[in-house]
Amino acid sequence: MEAIRQYDDYSKKIQGDDKIIIKFFADWCPDCTRMNMFIDPILEEYSHIEWYELNRDEVPEAADENDVMGIPSLLVFQNGEKLAHLHSADAKSPESVKDFLQKSI
């Protein structure tokens, strides 16, 4: 997963014609660490989609404008628009992430 470290990069990435997924996380977040333990097979299964990760502490404006209150959160973007948001409360298992992706992609 490519890291997005600046707001300008985030703004450019979400403007594309293709859907992208951004995982919002923080280094101190235990649920984010847990997600990292199961996300690789999901990344492979959805490798036709570009995946990015954004540390909400490094780019707080992106988190704020997308109502990312909890982490980890997965957001789907296309043409500058947020299409779907998997909130942290629902992002605790591989099954919940896959269900979200099946409905959102």
> When clusters are formed by joining ILVMFWY residues with side-chain heavy atoms under 4.5 Å apart, either directly or through shared neighbours, do Y52 and I105 land in the same one?
Replying inline: no

> Atom CG in L86, atom NZ in K103: separation rounded to 0.5 Å?
Replying inline: 10.0 Å

>> Is there a path of hydrophobic side-chain contacts, each under 4.5 Å between heavy atoms, that joins F24 and F38?
In response: no

> Taking the six-membered ring of F25, is the NZ or CZ of K23 close enough (under 6.0 Å from the centre) and on axis enough (within 45°)?
Replying inline: yes

>> Restricting to non-hydrogen atoms, name the atom on D57 and the atom on N55 that form the minimum distance, rounded to 0.1 Å.
In response: N-OD1, 2.9 Å

>> Looking at A62, is its backbone amide N or carbonyl O close enough to the side chain of N66 to form a donor-acceptor pair, meaning the two atoms are under 3.5 Å apart?
In response: yes

>> Which heavy atom of D31 sits nearest to which heavy atom of I71, and what is that distance?
In response: CB-O, 4.2 Å

> Going by heavy atoms in the side chains, are L101 and I42 under 4.5 Å from each other?
Replying inline: yes

>> What's the separation between atom CD1 in I39 and atom CH2 in W51, rounded to the nearest 0.5 Å?
In response: 4.5 Å

> Would you call F100 and I21 a side-chain contact if the rule is heavy atoms closer than 4.5 Å?
Replying inline: no

>> Looking at every non-hydrogen atom in both residues, tell me the closest pair between V68 and H85 and how far apart they are.
In response: CG2-CE1, 3.9 Å

>> Test of understanding: clusters of I, L, V, M, F, W, Y form through side-chain heavy atoms closer than 4.5 Å, transitively. Do I20 and Y46 belong to the same one?
In response: no

>> With rounding to the nearest 0.5 angstrom, report the CD to SG distance, E53 to C32.
In response: 10.0 Å

> Do you reckon I4 sits in the same ILVMFWY cluster as M1, going by side-chain contacts under 4.5 Å, direct or chained?
Replying inline: no

> Going by heavy atoms in the side chains, are N79 and I14 under 4.5 Å from each other?
Replying inline: no

>> Test side chain to side chain contact (heavy atoms under 4.5 Å, CB included) on M69 and D67; report intermediate values, then the result.
In response: CA-CA 6 Å; M69 302 298 175; D67 300 318; 4.3 Å; yes

>> Just so I know, are the side chains of R56 and D64 near enough to count as touching, which here means a heavy-atom distance under 4.5 Å?
In response: yes

> If you take all heavy atoms of G70 and S73, which pair is closest and at what distance?
Replying inline: O-OG, 2.7 Å

>> Treating S88 as the side-chain partner and P72 as the backbone partner, does any N or O pair qualify as donor plus acceptor under 3.5 Å?
In response: no

> Are the side chains of D18 and Q78 in touch, meaning some heavy atoms are under 4.5 Å apart?
Replying inline: no

> Please walk me through it: do Q15 and Y10 pass side-chain hydrogen bond (donor to acceptor under 3.5 Å, both in side chains)?
Replying inline: CA-CA 9 Å; Q15 294 303 321; Y10 154 79; over 6 Å; no

> Hey, any chance V76 and M35 share a hydrophobic cluster, counting ILVMFWY side chains that come within less than 4.5 Å of each other, even indirectly?
Replying inline: yes

>> Could you check whether any side-chain N or O of S47 sits under 3.5 Å from a backbone N or O of L43, counting only pairs where one atom can act as donor and the other as acceptor?
In response: no

>> Working note: K19 + E50, criterion salt bridge (charged side-chain N to carboxylate O under 4.0 Å, His left out); need CA distance, chi angles, decisive distance, verdict.
In response: CA-CA 7 Å; K19 288 182 182 176; E50 288 189 51; over 6 Å; no

> More than 12 heavy atoms of other residues, nucleotides or ligands under 6.0 Å from NZ of K98: is that the case?
Replying inline: no

> Does a sphere of radius 6.0 Å around CD in Q6 hold more than 12 heavy atoms from other residues, nucleotides or ligands, not counting ones at 6.0 Å or beyond?
Replying inline: no

> Are the side chain of S96 and the backbone of S93 linked by a donor-acceptor contact shorter than 3.5 Å?
Replying inline: yes

> Do E61 and V59 touch side chain to side chain, with heavy atoms closer than 4.5 Å?
Replying inline: yes

> Between CG of D9 and CZ of R5, what distance do you get to the nearest 0.5 Å?
Replying inline: 10.5 Å

